[in-house]
Structures are given as structure tokens and as C-alpha cells.
Amino acid sequence: MGGFDSGTRARVAASRAGRSPGAAATTGTEPSERTPEADAAAAPADRPRASARPEDPGRSVRAGAPVPAALSHEAHGDGPELVLLHGVGLDRRMWDRCLPALAARHRVTLVDLRGHGASPAAAAGVSLAELAADVGALLTGPTHVVGFSLGALVAQRLGLDRPELTASLTLVSSVAGRSEEERAAVARRQELAAQDFGASAWAAVDRWFSPAWRAQDPELARQVLDTLLANDRASYLACYRVFATADTGLWRWLPRIAAPTVAVTGERDPGSTPAMSHRLAERIPGARAVIVPGARHLLPLECPRELADVILAQTGGHAGNQTGGHAGNQNGSHIGTAGSQTGTHGSHTGSHPGTPTGQESHRS
């Protein structure tokens, strides 16, 4: 999105608001639900989820995978495969500011998730398993998967359903194990989106942009708002439901994720909080958390250089660091302060060798 005005891509963004009903994806097979009694007996003791009905992620593969939608996507660069997944209501352009550094070391595939950008519409009742299957259908082998917000939930589900495709996971601004209060807050935002879509879009921009950042980069805030408002309403609501609820079902299965994982979020993110990233680091074997000082939710736009450093350290893409996984990041260094970007796409070209720094936690 930092490159929304760069003109570097040819796409039909306006189609988001005018998809035909025929573009709706078919409904896939959803894993069966366990009984509440079985869930209660097997629920993790650290964060009980009485209202959750976890699904077995592997069953979607065993019983017949969901029918994937053909996602609009593009590829840049050369090297180990890396895929970037955006958040709800946004599209692949949100990665524009990170792309130069990442494409210097990787073959980067950017996708529009189902219901977003130029991809097919999302039908009511679309599941996280379906969104993950869509992405899995694009991948031809082990791939470093980077997901932002909703995309981070998709990345987690992909790591569970298709572990052979996930070389590593970078979970950016991800929710995890919401509390009752946090679930109530996201439910209120979901209800606002259904009742007054414009007001919900404005509220999101106000929540994501600090006053100082918005004053510094007003055009970016306008572009984000325009992207939100251009969404097909039904698709947005279908995908927002996934975003609002899927972490509950994922929680039980997170210890099964085998891919090297890092969870990174902004220190001042009110929705995908630092506590949530630390929960992920504690729940996923071998995972770690990185907190970006001073940043809010939109890390790919607010501090792309710092985020690219985290991603490249995770993938082994830094110069002189080709071991992948957790290389170069086990000693708790610092990421640098947010807000160092100038707000121009060109100012973030190239890679940034060196060890990302930040507040980290680990689970071994």
C-alpha cells in the first residue's frame, strides 16, 4: 500500500466492488466438530475455551480437501520461495514497502485472498480451512509463509494442514487465544461492519494510524481507507467472521505446528497485542515473539524495513545468513524504533543485513 500510487502493477482493483455472483467459490469440506464434552475433556489447561469447538486440521486433508479458489497473484524476484498473505479488507498491495528487500533474496509471491482484490468472492460461511487450501494450491514446494492479521491465521492453518509446504512461518500482527473481553470487542467491530460499513472502515483507519503517522503520511491513510471501502461487502463480512472467530478453533492445535515460527507485532497494537504474540511463542514449539517498539497494527506499512529484517532473519535470507529458521535471532536483540520510514516506496529498496533487534520470547 505504500506503493499504491507507484503504478507498478496491472490489476483490476475495481472488480472488488462489482464481482458477479458466479465468482463465488464453492464450499469445501469442513472438518467435523467434536462434541462439547470431548472438547472440555481435552481442552488445554492454560487457556480454557468453553465456547470453542476445535476442529482437527488434519481431517480436511484426510476426508477430502476443500475445493480451492483460483487466487489472483503475482511473483517477483528469485531465490527460495516466499508467499505474502494480507489482512482482512486489504489486498496484496499492502506489502509494497517490504517487497524490494524481500524480492532481493526470495522469489516472492503476493496473493489476494479469497474475497479480496482481484480474487473470487467469498461466500457466506467460508472457512479458514478453505482460505488456507486456496493458498496451498498455489504452492509447489516448501515455502516461507508470511501472514498478516487474517493472513497470519491462514498461515497457521496452512502449517497444520500442509506442513510439507511450510518451510517457516512469520505471523505478523496475529491474534491468538482472545480473552472474553477481546472476543466481545471484535464482535462489536463485526456488528458495526454489518450495520454501517463506512463507519467501520473509518474506525479501522483511526485504530491503525496514530495521529502523528497520519499527519506525516495522510495519503497512505486515505489509500488504506479507499481499499477498505472498495471491498465487496458480503465477501468482507464473510472473511471478517473468520478473522473474528478462527483463533478459538486454532488454539488447541497450535502445538502441532512443526515449521520454525516467529510471531511479530507492534508494541501499541490494540487488537493483535504483544501478549498475543507471546502466547503464540509459548504455544508453538520452538517459536519466538518479536515486539516492534512504538508500532501499531500495520507493520508492513508503518515499519517495513524492520519487518523485512525479521522476515529475512527467519527465512535465512540475510546476506551471510543462509541457515534459515531461527538463524541469527536467538539472543534477544532490538528491532529499532518504528516510524523510521519516510512514507515513500522507494526509500525501502534493498535488503538490510544485520540482526533484527527486539523484545523476544522463546519456547523450546
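If you read the sequence from its start, that first residue is 1, and numbering goes on from there.
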Problem - Main-chain N/O of Pro163 paired to Thr166 side chain as donor or acceptor, under 3.5 Å - result: yes

Exercise for the section: Report yes or no: does His278 contribute a side-chain atom to a donor-acceptor pair with the main-chain N or O of Met276 at less than 3.5 Å? Expected result: no

Problem - Distance-only side-chain donor-acceptor flag, Thr245 / Arg183, under 3.5 Å - result: no

Practice task
May I ask whether Val186 and Leu192 are part of the same hydrophobic cluster, defined by side-chain heavy atoms of I, L, V, M, F, W, Y residues being less than 4.5 angstrom apart, directly or through others?
Solution key: no

Exercise for the section: For Asp112 and Asp91, indicate whether the former's side chain and the latter's backbone hold a donor-acceptor pair under 3.5 Å. Expected result: no

Exercise for the section: Could you tell me which residues satisfy salt bridge (charged side-chain N to carboxylate O under 4.0 Å, His left out) with Arg222, sequence neighbours excluded, listed by chain and number? Expected result: Glu219, Asp226

Exercise for the section: List in chain and number order the residues that pass salt bridge (charged side-chain N to carboxylate O under 4.0 Å, His left out) with Asp78, two or more places apart in sequence or in another chain; answer none if no residue qualifies. Expected result: none

Handout entry: Under 3.5 Å side-chain donor-acceptor pair for Ser174 and Gln156
Key = yes

Exercise for the section: Using distance alone, with no hydrogens and no angle criterion, decide if His116 and Ser235 have a side-chain donor and acceptor under 3.5 Å apart. Expected result: no

Handout entry: Pair Val83-Leu139, side-chain contact (heavy atoms from CB on, under 4.5 Å): steps then yes or no
Key = CA-CA 9 Å; Val83 65; Leu139 309 183; 4.3 Å; yes

Practice task
Describe, in one word, how the ring planes of Phe148 and His297 are oriented to each other, choosing from parallel (under 30°), tilted (30 to 60°) and perpendicular (over 60°).
Solution key: tilted

Exercise for the section: Any pair with a residue in residues 234-243 that passes salt bridge (charged side-chain N to carboxylate O under 4.0 Å, His left out), sequence neighbours left out, goes on the list, sorted by first then second residue, please. Expected result: none

Exercise for the section: Have a look at Ser277 and tell me which of Ile291, Val175, Val290 forms a side chain to side chain contact (heavy atoms under 4.5 Å, CB included) with it. Expected result: Ile291

Exercise for the section: Check whether any side-chain heavy atom of Val108 sits under 4.5 Å from a side-chain heavy atom of Leu110, and report yes or no. Expected result: yes

Practice task
Return yes if some donor-acceptor pair links the side-chain N/O of Glu267 with the main-chain N/O of Gly294 below 3.5 Å, else return no.
Solution key: yes

Exercise for the section: Kindly say whether Gln223 contributes a backbone atom to a donor-acceptor pair with the side chain of Thr227 at under 3.5 angstrom? Expected result: yes

Problem - Asp269: partners by salt bridge (charged side-chain N to carboxylate O under 4.0 Å, His left out), with sequence neighbours left out - result: none

Problem - Ser168 versus His144, side-chain donor and acceptor atoms under 3.5 Å - result: yes

Practice task
Please report the C-alpha distance between Arg92 and Ser72 in whole Å, then the side-chain angles of each, then the deciding distance to 0.1 Å, and finally whether the side-chain hydrogen bond (donor to acceptor under 3.5 Å, both in side chains) criterion is met.
Solution key: CA-CA 9 Å; Arg92 67 197 190 215; Ser72 178; 2.8 Å; yes

Handout entry: 4.5 Å side-chain heavy-atom contact, Arg296 and Trp208
Key = no

Exercise for the section: Step by step, work out the side-chain contact (heavy atoms from CB on, under 4.5 Å) result for Val145 and Leu85. Expected result: CA-CA 8 Å; Val145 181; Leu85 310 177; 4.0 Å; yes

Exercise for the section: Tell me, please, which residues at least two apart from Tyr240 pass ring pair (Phe, Tyr, Trp, His ring centres under 6.0 Å). Expected result: Tyr236, Phe243

Exercise for the section: For residues His106 and Thr315, determine if any side-chain heavy atom of one lies less than 4.5 Å from a side-chain heavy atom of the other. Expected result: yes

Exercise for the section: Check whether any side-chain N or O of Arg178 sits under 3.5 Å from a backbone N or O of Ala244 as a donor-acceptor pair, and report yes or no. Expected result: yes

Handout entry: Pairs flagged by salt bridge (charged side-chain N to carboxylate O under 4.0 Å, His left out) wherever residues 137-151 is involved - sequence neighbours left out
Key = none

Problem - Check: Asn231 side chain, Leu228 main-chain N or O, donor-acceptor pair, under 3.5 Å - result: yes

Exercise for the section: Please confirm whether the backbone N or O of Leu71 pairs with a side-chain atom of Ser119, one donor and one acceptor, at under 3.5 Å? Expected result: no

Exercise for the section: Look at the side chain of Arg288 and the backbone N and O of Val262, then say whether any donor-acceptor pair between them is shorter than 3.5 Å. Expected result: no

Handout entry: pair Leu128-Leu250: side-chain heavy atoms closer than 4.5 Å
Key = yes

Exercise for the section: Could you tell me whether a side-chain N or O of Thr261 sits under 3.5 Å from a main-chain N or O of Ala259, the two making a donor and an acceptor? Expected result: yes

